[in-house]
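The structure appears right after this line, and notes come after that.
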Amino acid sequence: MEEAFIAAWAAARAKAETLGIRMRPVAPEEAMKTARRILSGSRLSDGFSGLHSCGHLELSLEALVVDRRFTALFTDQEANEALTRLLEAGYRFR
């Protein structure tokens, strides 16, 4: 499941780049550690504001964390933080 999350996050970052939103690359071996660090702090994930501005928060780390496919990888606290960020940004779940 971690490998699928890592691949999905890399694909989301690549798609964001095609929209002109720059996001830092994340080495696959550091992806889970990086995701947890981002979710434990008060800083939004890279590109969150840009993705929000262009209506593509589905490409954010936060959206992937609350995706049913990946929720088991994260603690309730991490998932709640991601959900809070998305809701505060007005994200509409499909």
Side-chain angles (χ1 to χ4, degrees):
M1 189 181 316
E2 277 188 24
E3 291 169 357
F5 171 79
I6 293 165
W9 194 18
R13 286 193 313 276
K15 186 162 186 179
E17 292 268 343
T18 68
L19 297 170
I21 299 163
R22 295 201 40 139
M23 299 171 85
R24 286 182 223 164
V26 177
E29 63 275 6
E30 294 293 318
M32 295 306 299
K33 180 179 165 183
T34 300
R36 289 189 175 98
R37 186 180 71 246
I38 291 168
L39 294 168
S40 68
S42 58
R43 188 179 133 248
L44 297 172
S45 63
D46 282 350
F48 189 92
S49 296
L51 291 168
H52 179 248
S53 294
C54 70
H56 284 286
L57 280 175
E58 76 278 2
L59 300 175
S60 69
L61 165 66
E62 289 81 357
L64 285 173
V65 170
V66 298
D67 184 307
R68 288 181 194 163
R69 298 173 295 166
F70 307 123
T71 55
L73 294 173
F74 298 94
T75 66
D76 287 346
Q77 184 176 354
E78 291 164 342
N80 286 337
E81 180 61 31
L83 181 60
T84 298
R85 293 175 187 184
L86 290 166
L87 292 173
E88 286 177 354
Y91 183 67
R92 301 214 188 274
F93 292 85
R94 297 179 183 115

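Since the structure is predicted, the reported quantities are computational estimates derived from the model, not experimental observations.
- Residues satisfying the ring-ring contact (aromatic ring centres under 6.0 Å, His included) test with Phe5, not counting sequence neighbours, are Trp9, Phe70, Phe74.
- Note that CD of Glu78 is 12.0 Å distant from OG1 of Thr71, once rounded to the nearest 0.5 Å.
- A pairwise comparison of heavy atoms in Leu59 and Ala16 identifies CD1-N, 4.1 Å as the closest pair.
- Between Ala12 and Leu64, the shortest heavy-atom distance links the atoms CB-CD1, 4.3 Å.
- Residue Arg22 qualifies as open at atom CZ: its count of foreign heavy atoms under 6.0 Å is 12 or below.
- Between Ile21 and Cys54, the shortest heavy-atom distance links the atoms CD1-SG, 3.5 Å.
- For the atom pair CG (Leu73) and CE (Met1), the distance works out to 5.5 Å, reported to the nearest 0.5 Å.
- Listed by first and then second residue, the side chain to side chain donor-acceptor pair (under 3.5 Å) pairs involving residues 51-70 are Ser45-Glu62, His56-Glu58, Glu62-Arg85, Asp67-Arg69 (not counting sequence neighbours).
- Phe48 is listed as a side-chain neighbour of Leu86, based on a closest heavy-atom distance under 4.5 Å.
- Put simply, CG on Leu39 and CG on Leu61 are 5.0 Å apart, with the number rounded to the nearest 0.5 Å.
- In plain terms, the two heavy atoms of Ala31 and Ile6 that are nearest each other are CB-CG1, 3.6 Å.
- Of the inter-residue distances, the one linking Gln77 atom CD with Arg36 atom CZ reads 12.5 Å to the nearest 0.5 angstrom.
- Using a 4.5 Å cut-off between side-chain heavy atoms of Ile, Leu, Val, Met, Phe, Trp and Tyr, with links allowed through other members, Leu87 and Val65 fall into different hydrophobic clusters.
- Once rounded to the nearest 0.5 Å, the distance linking CZ of Arg24 with OG1 of Thr34 reads 10.0 Å.
- A continuous path of hydrophobic side-chain contacts links Val66 to Leu44 [ILVMFWY only; heavy atoms under 4.5 Å].
- Glu29 CD: more than 12 foreign heavy atoms inside a 6.0 Å radius.
- Distance CG/Leu83 to CD/Glu88: 10.0 Å, rounded to 0.5 Å.
- Under the 3.5 Å distance criterion, the side-chain polar atoms of Glu81 are left unmatched by any main-chain donor or acceptor of Ser40.
- Both Ile38 and Val26 are part of a single hydrophobic cluster, where members link through side-chain heavy atoms under 4.5 Å apart.
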